[in-house]
Engineer: 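Got a structure for you, questions after.
Since the model is a prediction, treat every value here as computed from it, not as a measurement.
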Amino acid sequence: MNKLYAAVLSAGLFFTTAVHAQDEWIIKADKIDPANYYGITVANGMIGIVSSPEPFKVKNVVLAGAYDLYGRGRVSNFLNSFNLLNMSLQINGHGVENGNIQHFKQELDMQHAAFTATFDYGDEASVKYTYYSLRQLPFTVLMDISITAKKKITITSSSVMQAPDALRDVQNYFNEVEGKHGRISLLTSTAKSPTGKLQLCASTTFLFDEPDGKEPRLLHQLEDNNAHWMQFSKDIPAGTTYRYSVVGSSITSAHDADPLNQVERLTMFAKLEGRDRLIKYHEAAWAELWKSDIKIDGDAQAQQDVHSMLYHLYSFSRAGTAYSPSPMGLSGLGYNGHVFWDADLWMFPGMLVLHPEIAKSMVEYRFQRLAAAKQNAFEHGYKGAMFPWESADIGVEETPVWALSGPFEHHITADVALAAWQYYCVTQDKQWLMEKRVADFAGNGRFLGQPRGT
């Protein structure tokens, strides 16, 4: 089984009960077992949010292109970023958790790239929350919450910002920005990656839908250097539904020269866009992606499986980024987030036919690291270029030294060259051919990685 197929299966199966194949777009879990739970991902090609078996929690937040020495093998790895969508909810003073909720269900809507969870809190309330990794805003995510009161209740809801243990020099801020559009409250954190190579930043704010326009008062609390939150309280009359949202952004110095200020700008922009516009444009962007689809008649399970595969490919890649997906995409830290030959040989052809603008980013990822591949060839006594078995941000060999795949698996170089040639064959983009000097991919007429003197 190749890594892509395994990745699609493991990323797509987050439940522990029977699969519901009646709907070609929806994957459901109606019994959540925290001891046997992988998680499902919503992602936009830049930021991935991995679900949790706990209500109002997410397991991982991963940003494409953000690597540092972390984990196995003294090589670059994806980082867990700030967990900016974690929340907590109290109903009548009692915390909502797995032990006191009923009918907890989760589902992934692949057509709209939306993850939804629902549950009942005794005879007092029904709760629904949906989160999105917004396709139109590469660094921004949204969680939308609806609480229906069966009796008169008082809720206290908190947006919780948590820093993973590996991050260091964490700094937390609570800012209230006054402007012509009113006051915007921002919960912001910044930290250094394990070696200090990167600065990681995240910021969130609440979106309210108050009829009188008066937003609830927010309180800020600091638990320790690694966690802080902002919260509000609200009385909800029996028989009514109260809706609010949390929107947030996360970005690093790998993406922007001033990530701390930029992350707050992005969050304020999303606040001013408003929930309805954010969801509207997210769904429109996914509708555009799904114009390229594979239809199967007469086999509901096969159709759902194919949609799952396409959904994850679309979720883990993005036009204009010069990034290429790892075997596990943005579904966590699997394979360290490294790019293997799978991307060029297995993932690329389908993307090239369905969305050549995304495939272009995958080729650009390799082209921008061509100099490193040439240096790698030189160090091993070859002419031309020698692409690494495992590649991360700068294109050097990232395979741990105890694995000999890097020096001896030479077909990766031919896979990269083949992808570049296929891109031209399908798109017939002669301007691209001239600009990128694809002759370099062929080692000036020689097979890439061909030994000297042959």
Side-chain angles (χ1 to χ4, degrees), residues 5-44 47-62 80 83 85-89 95-122 125-133 141-148 246 279 282-283 286 290 296 299-316 328-334:
Y5 186 61
V8 169
L9 287 181
S10 59
L13 301 180
F14 68 107
F15 40 79
T16 58
T17 59
V19 178
H20 300 266
Q22 293 85 356
D23 192 303
E24 63 181 285
W25 294 108
I26 308 259
I27 300 176
K28 298 180 179 180
D30 52 19
K31 291 182 181 178
I32 311 301
D33 179 7
N36 186 24
Y37 188 96
Y38 182 85
I40 196 71
T41 307
V42 292
N44 61 12
I47 184 169
I49 307 292
V50 185
S51 68
S52 167
E54 301 178 59
F56 287 112
K57 299 293 188 290
V58 297
K59 189 165 72 170
N60 301 101
V61 178
V62 179
N80 277 325
N83 206 327
L85 276 190
N86 265 359
M87 298 188 66
S88 67
L89 177 67
V96 173
E97 54 191 24
N98 274 334
N100 59 20
I101 64 174
Q102 303 82 39
H103 314 121
F104 188 29
K105 299 178 181 180
Q106 296 178 341
E107 69 176 44
L108 173 69
D109 179 346
M110 296 180 287
Q111 186 174 21
H112 303 103
F115 177 88
T116 297
T118 58
F119 59 86
D120 291 321
Y121 184 78
S126 294
V127 179
K128 175 182 177 181
Y129 62 89
T130 301
Y131 58 76
Y132 312 81
S133 186
V141 296
L142 173 73
M143 180 180 284
D144 191 28
I145 304 104
S146 296
I147 301 174
T148 300
V246 171
I279 295 174
H282 167 81
E283 292 183 346
W286 271 93
W290 284 118
I296 298 175
D299 190 335
Q301 185 63 67
Q303 181 67 88
Q304 188 186 76
D305 292 344
V306 167
H307 277 159
S308 177
M309 294 176 186
L310 291 177
Y311 165 80
H312 287 95
L313 286 174
Y314 291 170
S315 295
F316 297 157
M328 298 299 288
L330 299 173
S331 69
L333 307 186

Engineer: Rounded to the nearest 0.5 Å, what separates atom CG in Asp144 from atom CD1 in Ile279?
Structural biologist: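 Spacing of CG (Asp144) from CD1 (Ile279) equals 4.5 Å.
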Engineer: Provide the closest heavy-atom pair for Lys128 versus Thr130 in the form atom of the first, atom of the second, distance.
Structural biologist: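 The answer is CE-OG1, 4.1 Å.
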Engineer: Tyr38 and Met328: which non-hydrogen atoms are nearest, and at how many Å?
Structural biologist: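 Between these two residues, the closest heavy atoms are OH-CE, 3.0 Å.
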Engineer: Quick check: closest heavy atoms across His312 and Ile40, and the distance to 0.1 Å?
Structural biologist: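 Of all heavy-atom pairs spanning His312 and Ile40, the closest is NE2-CD1, 4.2 Å.
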Engineer: Just by modelled atom types, is the Thr116 backbone N or O under 3.5 Å from a matching donor or acceptor in the Glu107 side chain?
Structural biologist: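 It does not hold such a pair.
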Engineer: Indicate the atoms forming the closest heavy-atom contact of Thr41 with Leu108, along with that distance.
Structural biologist: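 Closest heavy-atom pair between Thr41 and Leu108: O-CD1, 4.4 Å.
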Engineer: Would you name the heavy atoms of Lys105 and Asp30 that are closest together and state the gap between them?
Structural biologist: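 Nearest heavy atoms, Lys105 then Asp30: CG-CA, 4.1 Å.
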Engineer: So which atom in Ile101 and which in Pro55 form the shortest heavy-atom distance, rounded to 0.1 Å?
Structural biologist: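 Closest approach of Ile101 to Pro55, heavy atoms only: CD1-CG, 4.0 Å.
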Engineer: Are the side chain of Lys59 and the backbone N or O of Pro53 linked by a donor-acceptor pair below 3.5 Å?
Structural biologist: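 Not a single qualifying donor-acceptor pair exists.
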Engineer: Using modelled atom types and a 3.5 Å cut-off, is there a donor and acceptor pairing between side-chain atoms of Asn100 and backbone atoms of Tyr121?
Structural biologist: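 Checking the backbone N and O of Tyr121 against the side chain of Asn100, no donor-acceptor pair under 3.5 Å is found.
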Engineer: Any sub-3.5 Å donor-acceptor pair from His282's side-chain atoms to His112's backbone N or O?
Structural biologist: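 Yes, because the side chain of His282 sits within donor-acceptor range (under 3.5 Å) of the backbone of His112.
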Engineer: Quick one, Ile47 and Val141 - any side-chain contact, counting heavy atoms below 4.5 Å?
Structural biologist: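 The answer is yes, as the side chains (C-beta and beyond) meet within the 4.5 Å cut-off.
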Engineer: Is it true that a side-chain atom of Asn60 and a backbone atom of Ser331 form a donor plus acceptor pair closer than 3.5 Å?
Structural biologist: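 A pair under 3.5 Å: no.
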Engineer: Between Gln301 and Asp305, is any side-chain donor less than 3.5 angstrom from a side-chain acceptor?
Structural biologist: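 Judged by distance alone, the side chains do pair up.
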Engineer: How many angstroms lie between atom CG of Asp299 and atom CD of Glu24, to the nearest 0.5 angstrom?
Structural biologist: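 Rounded to the nearest 0.5 Å, the CG-CD separation comes out at 12.0 Å.
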Engineer: Mind checking whether Trp286 and Tyr311 have ring centres under 6.0 Å apart?
Structural biologist: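 Ring centroids of Trp286 and Tyr311 are less than 6.0 Å from each other.
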Engineer: Looking only at the side chains, is there a donor atom on one of Tyr131 and Ser51 sitting less than 3.5 Å from an acceptor on the other?
Structural biologist: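 No - no donor-acceptor pair under 3.5 Å links their side chains.
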Engineer: With side-chain contact (heavy atoms from CB on, under 4.5 Å) as the criterion, how do Phe115 and Val58 come out once you've worked through the C-alpha distance, each side chain's angles and the decisive distance to 0.1 Å?
Structural biologist: CA-CA 11 Å; Phe115 177 88; Val58 297; over 6 Å; no
Engineer: Taking atom OG of Ser52 and atom CD1 of Ile32, what is their separation to the nearest 0.5 Å?
Structural biologist: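 It comes to 10.0 Å.
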Engineer: Treating Tyr129 as the side-chain partner and Phe56 as the backbone partner, does any N or O pair qualify as donor plus acceptor under 3.5 Å?
Structural biologist: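 Flag set: sc Tyr129 to bb Phe56 pair under 3.5 Å.
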Engineer: Atom CD of Glu283 and atom CH2 of Trp290: how far apart are they, to the nearest 0.5 Å?
Structural biologist: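 Nearest 0.5 Å value for the CD-CH2 distance: 14.0 Å.
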Engineer: Got Pro34 and Glu54 here, is their nearest side-chain heavy-atom distance under 4.5 Å?
Structural biologist: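 Of all side-chain heavy-atom pairs linking Glu54 with Pro34, none is under 4.5 Å.
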